[in-house]
> 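Okay, here's the structure, questions in a sec.
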Amino acid sequence: MSEPSLKAIIEGALLAAGEPLSIERLRALFPAGEVPEPATVREALETLAVEYEGRGAEIREAASGFRIQVPESVSPWVARLWQERPQRLSRAMLETLAIIAYRQPITRGEIEAIRGVTVGTALMRNLLDREWVRCVGYRELPGRPALYATTRTFLDYFNLASLEELPTLRAIQALDEPGAEGDGGDDDDEAASASGGDET
Amino acid sequence: MSEPSLKAIIEGALLAAGEPLSIERLRALFPAGEVPEPATVREALETLAVEYEGRGAEIREAASGFRIQVPESVSPWVARLWQERPQRLSRAMLETLAIIAYRQPITRGEIEAIRGVTVGTALMRNLLDREWVRCVGYRELPGRPALYATTRTFLDYFNLASLEELPTLRAIQALDEPGAEGDGGDDDDEAASASGGDET
Amino acid sequence: MCGPRWGWPIADGAEPRADGAPVARVRGEAYTELPADLYIPPDALEVFLDAFEGPLDLLLYLIRRQNLDICDIPIAQITEQYMRYVELMQELRLELAAEYLVMAAMLCEIKSRLLLPRPPTVEDDEDDPRAELMRRLQEYERFKEAAEDIDAMPRLHRDVFPAMAATPSVVRPRREVDVSLRELLAAMSDVMQRAAWSSAHHVQREALSVRERMSGCLAAISRERFCAFGELFDPSEGRLGVVVTFLALLELLKEDLVELDQCEPLAPIYVRAVATPAASADEAAEGHGE
């Protein structure tokens, strides 16, 4: 496999990041001694932007950097992705939401530490999009991770006047029947609906 | 603005979804009367895949559909976007997962018999939580032990379109006496039938 | 199980040093001889034991290291080596899983059966007392290899990354989702069960009103970068509300999320967010705003 081009690396980074990347952050992807000049990065970005014209994605410069986004021309079709199925919330999403509710304000890293599993960008974005969760600040750590908290919309959705109406964690613990098998059943449902949707 | 091409719509949808999209889901993006044939969608996907070659992203068919992903060739650079390295999977987890993948459906006791050690509850739980494994039924034995099988999420995560893409299990060498079971040949069948089972 | 006393002589290769001086000390205990095939310092045994996934794994290691044929294991030799590990582990008082002892007993049994003169007629497949062990070893080895293969496969978030583009112009219809509070609580209870295992986490604290207020204060402060202390309190909430806000601020201070500023004694106190958004993190806030 030959070494990928600067352009390919930038393209990959923009696609994987899920957030705008500044030229500085793009340069930081390269090991010392191989860091491209800012002008070179900008040039590659411009070439990429031209290549993306007329396609299903476009490169845009936002306040905090460059990002790949779905252009307006394609949006009406893409929007149907979310119209179609009244989605079930995945287990991962429910757990993440519950952790944010009880432990807010909390960073993604902290949620991951509790869940023991990576929390995907798509998942966080989904929660933000639903406006159940918002970013309320940043933790003073490398990368300044965002701190998430639940919103008014979240409370409304679950018919709560305030978070205090959620049962205490101790009460939740008491809910548990040992060896809860709810799991098996749930997974079956999900798999079934997923496979139902995918059958051609 | 002219009407975007089928290819651009598909590309935009794949990039916006953040999860694999089946051909059926892609077709559902179009209003009644304009729904493209599955073959047309597949053709567009193939053209796209060719266009992506050598770039910072690739189109790949996973178990639950197609997705655009940043290829291995570019990931060494892209991985620097994040501070944290993804967790390593323990050998115990990998071995258990491998046994479930090749021998599904299988009970915990049967996994233990192959590994020669106890399979901890925490480990099984972890596999279930990741949604890589699910309970598909119970064996008619005292205690009705749960039968485990792998999921689509497992395949998606490991970049596999089906269980058949797993590497073939090594054949068992016959013991001295020729009476030993000729296990060698059936491995492919096993994987195939296992994947068949997953579909249901 | 007959609970044999492991009395195997230490291998011939490991000569005690002539001067009788110990070759190693492990946890204060002197060792005058090294086990012959142990090419690792006894110190490392604990780590070493962790490296094995059980008795089958250890046996396989012994067999493979010496290029022995898995279908024709010299039982006496392997048994002896295996025992030496088990013995050493016991002497070092390492927590030894019961499975290792069961395997030891099994090896001894096979060995003794091989020593016995064979009765002239036995059923064919019972011919070799090693057969069952060899079958298990092979079976285990193929899955061990399969596990390595799986580990080497490109994995999401490790070797490949899902691509995702922003969708600023997409109007997302409010999705009808069907989640009940019960489901949410069940998810939390699952998390707690798991968190109990990993023990590194304490998910106990329960002052939810304080947690909620922490988020509220932090949001207010982040928006303005800083905020007069008094402005965070809403007297109309009454005494309880004020106390909750105060506790929330203390908690934020403790977690290093805000700091207090006062230019001179008796001057107004300001509360400031410690971290300002990283350039790239704007997106998170923006994402929710749209």
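Nothing here was measured: the structure is a model prediction, and the numbers come from that model. Letters A, B, ... mirror the listed sequences (proteins, then strands); counts begin at 1.
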> Say you draw a straight line from CH2 of B:Trp77 to CG of A:Leu29; how long is it, rounded to the nearest 0.5 Å?
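That separation rounds to 10.5 Å.
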
> Determine the option with the most heavy-atom pairs under 4.5 angstrom with chain B, choosing from A:Ser75, A:Gly12, A:Pro71.
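Ranked by contacts with chain B, first place is A:Gly12.
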
> What residues form a side chain to side chain contact (heavy atoms under 4.5 Å, CB included) with A:Gln69, not counting sequence neighbours?
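For A:Gln69 the side chain to side chain contact (heavy atoms under 4.5 Å, CB included) partners, ignoring immediate neighbours, are A:Glu58, A:Arg60, A:Arg67, C:Ala166, C:Pro168.
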
> Would a 4.5 Å heavy-atom cut-off, applied to side chains only, mark A:Arg80 and B:Pro31 as touching?
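Side chain of A:Arg80 against side chain of B:Pro31, heavy atoms only: contact under 4.5 Å found.
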
> Between B:Trp82 and A:Ala17, which heavy-atom pair has the shortest distance, and what is it?
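Closest heavy-atom pair between B:Trp82 and A:Ala17: CZ2-CA, 4.4 Å.
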
> Checking B:Tyr148 against chain A: side chain, backbone, both or neither under 4.5 Å from a heavy atom?
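B:Tyr148 has no heavy atom closer than 4.5 Å to chain A.
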
> Heavy atoms only: give me the nearest A:Leu81-B:Ala13 pair and the separation to one decimal.
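What the structure gives for the nearest pair is CD1-O, 3.7 Å.
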
> Say you draw a straight line from CZ of A:Arg91 to CZ of B:Arg130; how long is it, rounded to the nearest 0.5 Å?
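It is 14.5 Å, given to the nearest 0.5 Å.
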
> Would you mind listing every ring-ring contact (aromatic ring centres under 6.0 Å, His included) that reaches into residues 43-62 of chain A, with sequence neighbours excluded?
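Those involving residues 43-62 of chain A do not exist here.
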
> Could you look at B:Pro76 and say if it's the side chain, the backbone, both or neither that has a heavy atom under 4.5 Å from chain A?
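For B:Pro76, neither part sits under 4.5 Å from chain A.
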
> Are B:Val78 and A:Leu15 close enough that some pair of their side-chain heavy atoms sits under 4.5 Å apart?
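When only atoms from C-beta onward are counted, A:Leu15 and B:Val78 do not touch, as no gap falls below 4.5 Å.
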
> Closest approach of A:Ala16 and B:Val70, non-hydrogen atoms and distance?
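Between these two residues, the closest heavy atoms are CB-CG2, 3.9 Å.
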
> Who wins among A:Gly109, A:Gly56, A:Ala28, A:Gly54 for the most heavy-atom pairs under 4.5 Å with chain B?
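Among the listed options, the one with the most contacts to chain B is A:Gly56.
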
> Between A:Ile10, A:Leu26, A:Ile9, which shows the greatest number of heavy-atom pairs under 4.5 Å with chain B?
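Counting heavy-atom pairs under 4.5 Å, the top option is A:Ile9.
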
> Can you tell me which portion of B:Leu14 sits under 4.5 Å from chain A's heavy atoms? Options are side chain, backbone, both or neither.
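Neither part; nothing is under 4.5 Å.
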
